[in-house]
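Below is one structure, written out as structure tokens; the observations come after it.
Note that this is a predicted model, so its numbers are computed, not measured. Letters A, B, ... are given to chains in the order of the sequence lines, protein chains preceding strands, and every chain is numbered from 1.
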Amino acid sequence: MVEPNLLHVPILEWYESNARDLPWRAADATPWGVLVSEIMLQQTPVARVLPVWLEWMERWPTPKALAAEQPGEAVRHWGRLGYPRRALRLHACARAIAEEHGDEVPSDHATLLSLPGIGEYTAAAVASFAYGGRHAVLDTNVRRVFARAVRGEEYPPVATSAAERRLAETLLPELGAARWGVAVMELGALVCTARAPRCADCPVTHACAWRLAGKPPHEGPARKGQTYAGTDRQCRGRLLAVLRAAHGPVPKEALDAVWDDAVQRERALDGLVADGLAEALDDGTYRLPHA
DNA sequence: TAGACGTGGCA
DNA sequence: TTGCCAAGTCT
């Protein structure tokens, strides 16, 4: 086990002078702003989130403001961030917060976890970053930093393990846990990256088990890559882009035009409807969801 | 628990 | 050019 202070002090000092100036980290950022950023950042790079977050917060500065909209408007303004079900869940989240929590984002981890679209990571992140709570924030960056620095391996396991959770709990400081969490995340995002880590710029390179072991490459089967071209996911994306661009019901022909394979297209469209991302009207047209 | 779920930038 | 990867969640 690495001596905790061998990591804490250097990483916190590094964060002090290297943290990015992100709007959801600003002193005037609200818990709602933090929550919105966390949902948008799931599997999505900061650079792509920034403009959408800024526009979103201007348009819907409170949960109640978003809750007053149709869910389809959330999907429309989600733009091309990807995984549009997140927009739907964020909208449902806003309605739950507005109606059941007095328009205040909950600060309690378990309550956050019960909201749509909020899982273990996001609940910990919001409780920690928005309210200063003491929670282990285990995202892909943190898991990679710990895998390398402590376990001496290039990558963490595919699924988050109990051992990882124990380690994160062990390293969690009594005071300043929130800052520690965001600092480790930032280190993973900027220095201890998945490909081509910048070990020369790393504040804990002297203590890193992976570097000291000679940076052995990941063993075992290659991590499964995501194919995209020709998949239902791509087809769904094309169909939804048509619905987002239109400001009223869309005739079926407009959807047929963006994907050749009719069998796959119908399956994808049915899937969008089943997921609540699209609505089929009685006259055979389609639109973003109203509810 | 493995697989589905978007999108685009970078090496 | 192709494949990897990005602050995960849900079923």
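Taking atom CG on A:L239 and atom P on B:dT7, their separation rounds to 10 Å, with Å as the unit. Residue A:D232 contributes atom CG, which lies 16 Å from atom C1' of B:dT7 at whole-angstrom precision. Between A:L50 atom CG and B:dT7 atom P the separation is 20 Å, expressed in whole Å. The NE2 atom of A:H218 sits 12 Å away from the P atom of C:dC4 (whole-angstrom rounding). Remark: P of B:dG6 and CD of A:Q234 are 12 Å apart, rounded to the nearest angstrom. In this structure, A:M40 atom CE and B:dG6 atom P are separated by 16 Å, rounded to whole Å. Between the CZ atom of A:R233 and the C1' atom of C:dG8 there is a distance of 12 Å, rounded to whole Å. What separates CE of A:M185 from C1' of C:dA6 is a distance of 11 Å, to the nearest Å.
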Dump the pairs, protein N or O against N or O of nucleotides 9-11 of chain B, anything under 3.5 Å, distances to one decimal.
none

N/O contacts under 3.5 Å, protein versus nucleotides 9-11 of chain C?
{"residue": "C:dT9", "atom": "OP1", "partner": "A:G119", "partner atom": "N", "Å": "2.8"}
{"residue": "C:dT9", "atom": "OP1", "partner": "A:G119", "partner atom": "O", "Å": "3.4"}
{"residue": "C:dT9", "atom": "OP1", "partner": "A:T122", "partner atom": "N", "Å": "3.0"}
{"residue": "C:dT9", "atom": "OP1", "partner": "A:T122", "partner atom": "OG1", "Å": "2.6"}
{"residue": "C:dT9", "atom": "OP2", "partner": "A:Y121", "partner atom": "N", "Å": "3.3"}
{"residue": "C:dC10", "atom": "OP1", "partner": "A:G117", "partner atom": "N", "Å": "2.8"}

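When distances run from any side-chain atom of A:Y155 to the nucleotides C:dC5, B:dC5, C:dA7, the shortest one goes to C:dC5. Comparing B:dC5, C:dC5, C:dA7 by their nearest atom to the side chain of A:Y83 picks out B:dC5. Picking from B:dG8, C:dG8, C:dA7 the nucleotide with the shortest atom distance to the side chain of A:R80 gives B:dG8.
In this structure, the side chain of A:W32 does not engage the main chain of A:V36 through any donor-acceptor pair within 3.5 Å.
Counting distance only, with no hydrogens placed and no angle test, the side-chain atoms of A:T140 and the base atoms of C:dG8 include no donor-acceptor pair under 3.5 Å.
Ionic pairing of A:R86 and A:E38 is not present here: no N-O contact between side-chain nitrogen and carboxylate oxygen is shorter than 4.0 angstrom. Between A:R25 and A:E186 there is a salt bridge, since at least one side-chain N of the basic residue sits less than 4.0 Å from a carboxylate O of the acidic one.
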Task: Worked check of ring pair (Phe, Tyr, Trp, His ring centres under 6.0 Å) between A:H77 and A:W56 - done: CA-CA 8 Å; A:H77 291 281; A:W56 192 283; 7.3 Å; no

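Shortest non-hydrogen contact noted between A:I11 and A:A183 is CG2-CB, 3.9 Å.
Taking CE of A:M185 as the start and CG of A:L41 as the end, the distance is 7.5 Å to the nearest 0.5 Å. Distance CZ/A:R233 to OH/A:Y83: 4.0 Å, rounded to 0.5 Å.
By the neighbour-count criterion of 12 heavy atoms within 6.0 Å, atom CD of A:E104 is sparsely surrounded, having that number or fewer from other residues, nucleotides or ligands. Atom CG of A:D260 has 12 or fewer heavy atoms from other residues, nucleotides or ligands within 6.0 Å.
As rounded to the nearest Å, B:dA2 and C:dA7 have P atoms that lie 22 Å from one another. Taking atom C1' on both nucleotides, C:dA6 is separated from B:dC5 by 14 Å, rounded to a whole Å.
Looking at A:H109 and A:Y131, their side chains never come closer than 4.5 Å, going by heavy atoms from C-beta outward.
Using a 4.0 Å heavy-atom distance criterion, A:R144 is classed as a sugar-phosphate-only contact. Among the atoms of the strands shown, base atoms are found under 4.0 Å from some heavy atom of A:W24.
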